[in-house]
Structure formats: structure tokens, C-alpha cells
There are 2 protein chains.
Amino acid sequence: MIETLERHRCFGGELAFHAHDSSETGTRMRFGSFVPEAAATRPLPVVYCLAGLTCTQETFLIKAGALRVAARLGLILVACDTSPRGLGLPGEDSDWDFGAGAGFYLDATQAPWAGHYRMGSYVDRELPALVERHLPARSDVRGILGHSMGGHGALVLAQRAPERWTSVSAFAPISHPSEVPWGRKAFTNYLGPDPAAWAEWDASVLMRRRAFPRPILVHQGMADQFLAAQLQPQALEAAAAASGQVLELHRCEGYDHSYWFIQSYIEAQLEHHARQLAIAPL
Amino acid sequence: MIETLERHRCFGGELAFHAHDSSETGTRMRFGSFVPEAAATRPLPVVYCLAGLTCTQETFLIKAGALRVAARLGLILVACDTSPRGLGLPGEDSDWDFGAGAGFYLDATQAPWAGHYRMGSYVDRELPALVERHLPARSDVRGILGHSMGGHGALVLAQRAPERWTSVSAFAPISHPSEVPWGRKAFTNYLGPDPAAWAEWDASVLMRRRAFPRPILVHQGMADQFLAAQLQPQALEAAAAASGQVLELHRCEGYDHSYWFIQSYIEAQLEHHARQLAIAPL
């Protein structure tokens with residue numbers, strides 16, 4: 001069912017990359033996993049890590065400095081690609097912020113993307129089912145986090161299915177995609193021109209409508225080059241106030257949009273997940 | 001004197017990449033630095049981090065997971081490129097294990113490499129002088145570590161000038177380059193056919209001749225694909241026994257040659273440097 005492409009011992013556990021045929025995207029998809037040593041004696045909860053525009057299944061695992069922390073906390077990490085690839089669709093590879101590398105973790109309804117660009121259902125259901133069948137993973141709890149476009153994905157997927165997602169956090173998420181250039185471009189092309197369809201994939205709209213049952217943690221760098229034009233954490237904050245969502249939004253002075261920022265706060269985010277997932281640190 | 005190309009806040013300190021005109025190589029050289037927050041109140045010791053074949057000044061800083069540990073221990077990290085680049089010398093870019101990306105941290109004496117491929121003197125003197133002038137770095141102590149070709153470099157440079165290098169460690173070093181294919185190819189082309197010249201740049205030969213005044217720490221993965229053919233840690237061990245060198249050689253079961261291995265043991269190595277450099281952890 002899954003083909004393991006490479007395995008490396010790491011922190012006493014195993015870092016691996018896998019490939020499988022996805023029924024959601026109709027393509028061969030790749031993902032990476034880190035399974036800590038502690039999984040030898042008991043199943044561990046998984047935190048799904050969603051990367052941003054232009055990234056792949058490798059980016060977060062290589063650059064976030066997360067493995068040392070996950071090993072200590074007893075968390076499995078799973079990182080997927082940011083879109084299907086290689087479909088040969090018109091325009092698939094022409095933009096860095098749309099198409100391949102920019103699936104936006106939603107289910108496209110518009111031609112030619114519908115039927116393939118289904119990263120929403122892929123991350124929400126297909127990937128966890130696969131992971132829980134093939135890795136020593138708990139299936140009663142799940143965590144999700146992401147960066148930028150992946151932060152949008154984590155917030156949206158958790159809010160759309162709070163019964164399936166126990167814990168959620170984000171780094172510099174695209175908080176209100178319906179109102180910023182990256183989001184409007186993606187939503188128009190994947191979901192069509194009607195903003196009613198966009199609402200179902202917009203973290204701030206969903207949060208205003210209904211609070212997620214557990215606290216949400218967000219870190220945002222204040223020197224982030226995309227802060228004002230694309231990210232708009234204040235929209236998320238206003239939505240949280242409206243619905244009573246417990247939102248811990250940390251404004252991090254001097255930090256930018258890079259993985260140097262992510263690695264500085266990944267320990268805080270994984271500790272949030274470990275707490276929510278009710279694991280005592282090892 | 002140095003041009004800073006990018007800066008990112010990281011762990012409360014700063015990750016930066018710089019460029020400068022090198023008098024040793026006659027080229028524009030790049031290096032990266034991580035300066036922890038603790039440097040705001042006092043100069044900190046520097047650990048120079050030498051990468052292996054095909055790597056650049058970015059590789060170690062991105063992949064080794066070292067910054068979290070260096071921030072905690074109060075160590076500045078400096079990572080340089082693995083060779084001069086862009087000289088247009090015949091054969092410079094034709095092999096992955098020789099020429100650009102493969103400077104072997106020595107001073108070439110053979111045409112056309114002599115006068116440019118001087119990574120030995122560059123790392124030993126030019127780069128520390130630059131770093132100690134421009135960063136909040138102590139100049140009374142210095143540490144050096146490296147991986148594979150960079151492990152060879154760290155061991156050789158520290159042993160050649162123990163008065164300048166306080167602490168040394170290595171991951172999977174090319175321990176006895178005179179006797180393995182990577183080393184013989186590089187030494188023949190950079191230093192000429194006479195093995196007497198090779199001895200001055202061979203860690204096992206130098207160690208057999210004279211013990212470094214402080215303990216040396218080495219980690220070697222036992223599933224390393226290059227272990228038997230290229231690395232030969234047993235040569236280092238035999239040399240240490242002959243000269244009375246204190247050598248702590250850890251054979252790490254199941255680990256390969258990758259940065260997944262390095263990140264698993266970087267904390268142990270940086271703690272070794274912190275002890276040798278007589279810093280109390282923050």
C-alpha cells in the first residue's frame with residue numbers, strides 16, 4: 001500500500017519518506033514521517049505538519065528543527081506535499097503561488113483542478129487513515145499544524161472537523177484568504193467566483209461562525225514580509241473574539257516568515273500539541 | 001570588509017549569511033553565522049562547522065539542528081563554504097568529489113589549484129580573524145567540528161595548530177585520507193604524487209605523531225555507506241593508541257552518513273565544545 005523510499009535512523013527513532021497512490025488526487029503522493037524511539041513500546045499520537053507555498057514533503061522535516069523536540073515529547077510527525085504534481089494540467093506549473101506546490105489544502109470544484117486538487121480531503125482523511133494503518137500511530141487523537149498556506153490549512157481542516165482533530169496550531173497562517181491576493185487567486189481558480197464557496201475554506205470565517213472546542217496557538221513574526229498584505233492575523237483575532245474561541249496569538253518581535261522563525265517556536269507549538277493530546281513528556 | 005547578505009532573527013539571536021573577498025583564495029567567499037542572544041552581554045566562543053563534499057555554507061546551518069543547542073549553550077556557530085568557486089579552472093566543476101565543493105580544507109601546491117584552493121589557511125586563520133573582528137566572538141578560544149570531508153578538516157586543522165584550536169570533534173570523518181579513494185584523488189591533485197606531502201594533511205598520521213592536548217570526540221554511524229571504503233575510524237583509533245591521544249570514538253548503531261545522523265548527536269558534540277571552551281551552560 002505504501003512504498004518506503006528511504007529510511008534513516010534519527011534520535012533513536014526513524015525518519016522515512018514514503019510514496020503511495022492517492023485516491024483523492026489520482027496521483028502518486030509522497031510524505032515523510034518521523035517516528036520516535038518511544039513508539040517501540042506504545043502507539044504515539046501524530047502531528048501533521050503542513051508546509052507553505054513552493055514546499056514539498058521534505059521542507060518541514062529538514063528545516064523546522066522539530067525532530068529533537070518530537071523525540072522528547074513522544075510525537076510522530078508526518079509531513080505531506082503541498083499539492084498533487086505532474087498532472088500536466090494547463091497552468092499547473094506556471095505560477096509559484098498557484099497550482100503545483102500551492103494546493104491550499106482544499107478540495108477544488110473548478111475545471112481542470114476538480115477531481116485532482118483535493119488536498120483538503122487528502123490531509124483530513126486519506127493520509128491519516130494510511131498513517132494509522134502503517135505507522136505505530138494512535139487513531140483516537142490527531143494534531144495538525146502548518147506554516148503560511150499550511151497554517152491556513154491546519155486551521156481550516158481542524159475547524160471543519162473538530163471531532164477528528166484534537167489539537168491545532170499555526171505559524172504565520174494566511175488567516176483570512178478570502179481577503180488577500182494569495183487566497184483570492186487560489187479560491188477563484190479552485191472554487192470559482194462565488195465567495196459563499198470560499199467561506200468554507202477561510203479560517204477567520206469559520207472561526208467567527210463556531211469556536212473550535214480547544215485552544216488554538218498561533219505564532220506570527222512581526223518582521224514578516226507578508227504580514228500586512230497576505231496574513232492578517234488580526235482577522236483571526238477578531239473572529240475569535242466574536243465566537244469566544246480561545247486563541248493564543250503570539251506576536252514575535254523581529255521574526256520574519258522563514259524557517260529560522262519556525263524553528264525558534266516549534267518547541268512551544270509541539271508542547272501545545274503534547275498537552276492537548278494529553279501526553280506527558282517522556 | 002564583510003557584506004551581510006541576509007539576516008534572520010532565530011532563537012532570540014541572529015542567523016546571517018555574509019560575503020567577503022578572501023586573500024587566501026582570491027575569490028569572493030560566503031559564510032554563515034549564528035550568534036545567540038547571550039552575545040548581547042558578553043563575547044562568546046565560536047565553533048567553526050565544516051561541511052562535507054558537495055555542501056555549501058548553508059548546509060550545516062539548515063540541516064544539523066544545531067542552533068537550538070548553540071543558543072542554549074551560548075556558542076556562536078560559523079559555517080563556511082567547502083571550496084572557492086567560479087574560478088574557471090579546468091576540471092573545477094566536473095567531479096562531485098574534487099574541485100568546487102571539495103576543497104578538502106588544505107592548501108593546494110599543484111597547478112592549477114595552488115594560490116586559490118587554500119581552504120586550510122582560510123579556515124585556520126583568515127576566517128577566524130574576520131569573525132573575531134566583526135562578530136561578538138572571543139578570540140582566546142576556538143572550537144572546530146566537521147562532517148566527513150569536514151571532519152577530516154576539523155581534525156587536521158586542530159592538530160596542525162593546537163595553540164589556535166581549543167576544542168575539536170567530528171562526525172564520520174575521512175580519518176586516514178592517504179589510504180582511501182576520496183583522499184588519494186584529492187591529495188594527488190592538490191598536493192602532488194609524493195605521500196610525504198600528504199602526511200601533513202592526514203588526521204591519522206598527525207595523531208600518531210603527536211597527541212592533541214585535549215580530548216577529541218568523534219561520532220561514527222555503523223550503517224554509514226562510506227564507513228569501510230572512505231572513513232576508516234579504526235586508523236584514527238590506532239593512531240590515538242600510539243600517541244596517547246584521548247579519543248572518544250562513539251560507534252552509533254544503525255546511523256548512516258546523513259544529516260539525520262548529525263542532528264542526533266550535535267547536542268553531544270556541542271556540549272563537548274562547551275566543556276572544553278569552559279563555558280557553563282546558560
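So that the names make sense, note that chain A is the first sequence line, chain B the second, and so on, each numbered from 1. Note that the structure is predicted; figures quoted are calculated from it, not measured.
Between the side chains of B:S167 and B:H272, no donor-acceptor pair is found at a separation under 3.5 Å. A donor-acceptor contact closer than 3.5 angstrom links the side chains of A:H273 and A:S169. Looking at B:H8 and B:E14, their side chains never bring a donor and an acceptor atom within 3.5 Å of each other.
Contact residues of residues 252-264 of chain A toward chain B are A:E253, A:G254, A:Y255, A:D256, A:S258, A:W260, A:F261, A:Q263, A:S264 (heavy-atom distance under 4.5 Å).
Side-chain rings of B:F226 and B:W182 approach one another, their centers coming within less than 6.0 Å. A centroid separation of less than 6.0 Å is found between the aromatic rings of B:H152 and B:F104.
More than 12 heavy atoms of other residues, nucleotides or ligands sit less than 6.0 Å from atom CZ of B:R85.
Of the two parts of A:L15, only the side chain, counted from C-beta on, holds a non-hydrogen atom closer than 4.5 Å to a non-hydrogen atom of chain B.
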